[in-house]
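Data first, discussion second: the structure below is written as structure tokens.
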Amino acid sequence: MRKRGAAALAVTALWLLAGCGGTEKRAAEPVDVGPVATPSGPTTTEMPFAAFLPGDGELKEIQRAESALLHSCMAEFGFTTRITAPSDAALLADLRRGTTLPRTLEEARAYGFHNVPDAGREHAEKPGPDGTVRPDRLLVLNGPDPRPAPSGAPSTGPDRKVNGRSVPRGGCAGRTERTLAEGSPAESAEHPGNSALNTLLRLRSAAWAQGAADPAYTEMTAAWSACMKQRGFSYASFDAAAEDPAWARTAEAGPREKSAASADLGCRTKVNYLGVSEAVHLAYERRTVKDDAPVLASIKAHYDAVARNARKVP
């Protein structure tokens, strides 16, 4: 077993502490939000965290390498697959750039607050003619289940073999992640990519939570709530509308949910949700960049290593 070096331990400690130290103090200290624009649609403004993340070209290269490594690993066990490797590219792009609405008006009218069906890339193995996916194929893809097997059921790990070969920890997906993370500050961590991404998400979540208490944001939210009430919906916050328990009672959105989701978008536009949100997020993320510079530098080093390794994958 590889021993974790002092540098990796230090980086992990930084990441564990990210967003913890000084959070209460920061929350009590509003920042100057500055001028607020009035965009007519989703923006492409570069957010402060973009400086620590892969660019568009690097993201494409990382996605290509992820799929190539995954396909190669699956082939070692005798499986051919066209599956696209799960990627954080969309989430990283969201962290890097712009402010958008939670859904389009067409989506609100069709799906309400329910999730919009994913018409994008393939992320999972498709069932065979009998409607099932071979268990050994899933085992190779995702690795042994760390949970104890039910009584009487065959063990799924950790020393499982398929077609005479030992399944890597975390399956081919886990091996792909570790290969791309080689040489990063957290290369010996259990899930290096998730550690970096989750740390960044925690930092953004903390910054946005602080921004949500800023007068500019609370005034905008109050104006949105008043607008919604005029349209027949009583909600104090965006989350209260989207997470109304009534919506969860049906598999598909009904007429009232669709009306509420459409009203939500109309009221967000009326109160300049995009402009106010972006100004507030920019201000509080900039403070996070200043206050958590060592953590963000480690995250950048991780993604630099991932991009560097991706370029080596044929």
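In what follows, every heavy atom counts, from backbone to side chain, and hydrogens, waters and symmetry copies are set aside.
Once rounded to the nearest 0.5 Å, the distance linking CD of Glu177 with CZ of Arg169 reads 9.5 Å. Note that CD of Glu285 is 12.0 Å distant from CG of Asp292, once rounded to the nearest 0.5 Å. Interatomic distance, CZ of Arg103 versus OG of Ser262, reported as 9.0 Å (0.5 Å rounding). We find the CZ-SG distance between Phe77 and Cys172 to be 5.5 Å, quoted to the nearest 0.5 Å. Note that the OG atom of Ser259 and the CZ atom of Arg231 stand 11.0 Å from one another [nearest 0.5 Å]. Considering CZ of Arg286 and CE of Met47, their distance stands at 8.0 Å, rounded to 0.5 Å.
Arg308 places no side-chain N or O within 3.5 Å of a backbone atom of Gly183 that could act as its donor or acceptor partner. The main-chain N or O of Ala305 is found under 3.5 Å from a side-chain atom of Asn309 such that the two form a donor-acceptor pair. Within the 3.5 Å criterion, the main-chain N or O of Gly98 finds no donor-acceptor partner in the side chain of Thr44. Formation of a donor-acceptor pair under 3.5 Å by the Thr43 side chain with backbone atoms of Thr99 is found in this model. A donor-acceptor pair under 3.5 Å is formed between the side chain of Thr221 and the backbone N or O of Tyr217. Within the 3.5 Å criterion, the main-chain N or O of Ala68 finds no donor-acceptor partner in the side chain of Ser72. A donor-acceptor pair is defined here as one N or O able to donate and one able to accept, closer than 3.5 Å; such a pair exists between the side chain of Glu58 and the backbone of Gly55.
Applying side chain to side chain donor-acceptor pair (under 3.5 Å) to His114 and the options Glu252, Lys258, Glu257 leaves one that passes, Glu257. When each of Leu92, Asp88, Leu53 is tested with Leu59 by the rule side-chain contact (heavy atoms from CB on, under 4.5 Å), just one qualifies, namely Leu92.
The shortest non-hydrogen separation linking Trp224 to Ala236 is CZ3-C, 4.2 Å. Of all non-hydrogen atoms in Gly232 and Arg256, the two that sit nearest each other are O-NH2, 3.1 Å. Across Lys270 and Cys227, no two heavy atoms sit closer than the pair CD-SG, 3.9 Å. Considering all non-hydrogen atoms of both residues, Leu296 and Phe52 come closest at O-CD2, 3.4 Å. Taking each heavy atom of Leu70 and Ala173 in turn, the nearest pair found is CD1-N, 3.7 Å. What you find for Val167 and Val140 is that their closest heavy atoms are CG1-CA, 4.2 Å.
Hydrophobic clustering (side-chain heavy atoms under 4.5 Å, transitive across Ile, Leu, Val, Met, Phe, Trp, Tyr) groups Val271 together with Leu274. Criterion: ILVMFWY side-chain heavy atoms under 4.5 Å apart, direct or through other members. Under it, Leu139 and Phe79 are part of a common hydrophobic cluster. Hydrophobic clustering keeps Leu141 apart from Leu69 (ILVMFWY residues linked when any side-chain heavy atoms are closer than 4.5 Å, directly or through intermediates). The hydrophobic cluster containing Phe113 also contains Leu265, counting ILVMFWY residues as joined when their side-chain heavy atoms lie under 4.5 angstrom apart, directly or transitively. Placement of Phe238 and Met228 within a single hydrophobic cluster is found when ILVMFWY residues are connected by side-chain heavy-atom separations under 4.5 Å, directly or transitively.
Residues Trp208 and His281 place their aromatic rings such that the two centres sit under 6.0 Å apart.
Ser195 has its side chain out of reach of His302: every pair of non-hydrogen atoms, C-beta onward, lies at least 4.5 Å apart. Between Ser40 and Thr269, the closest side-chain pair of non-hydrogen atoms is not below 4.5 Å. Inter-residue side-chain proximity for Asp56 and Arg97 is flagged as met; some heavy-atom pair is nearer than 4.5 Å. Contact annotation: the side chain of Thr179 never approaches that of Val313 to less than 4.5 Å [non-hydrogen atoms, C-beta and beyond]. The shortest distance between side-chain heavy atoms of Gln210 and Asp214 does not fall below 4.5 Å. A 4.5 Å side-chain heavy-atom check between Val116 and Thr104 finds every atom pair outside the cut-off. A 4.5 Å side-chain heavy-atom check between Pro54 and Ile62 finds at least one atom pair inside the cut-off.
The pair Asp304-Lys300 counts as a salt bridge, with a side-chain nitrogen and a carboxylate oxygen less than 4.0 angstrom apart. Ion pairing between Glu182 and Lys312 fails under the 4.0 Å rule for side-chain N and carboxylate O. Between Arg64 and Glu61, at least one side-chain N (NZ, or NE/NH1/NH2) sits under 4.0 Å from a carboxylate O, which counts as a salt bridge. Taking the charged nitrogens against the carboxylate oxygens, Asp264 and Arg268 do have a contact shorter than 4.0 Å, which makes a salt bridge.
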Inset, instruction - Determine, step by step, whether Met220 and Ser277 satisfy the side-chain contact (heavy atoms from CB on, under 4.5 Å) criterion, reporting the C-alpha distance in whole Å, the side-chain angles of both residues, the deciding distance to 0.1 Å, and the verdict. - result: CA-CA 9 Å; Met220 180 268 292; Ser277 293; 3.8 Å; yes
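Residues Thr199 and Arg202 bring a donor and an acceptor atom of their side chains to less than 3.5 Å of each other.
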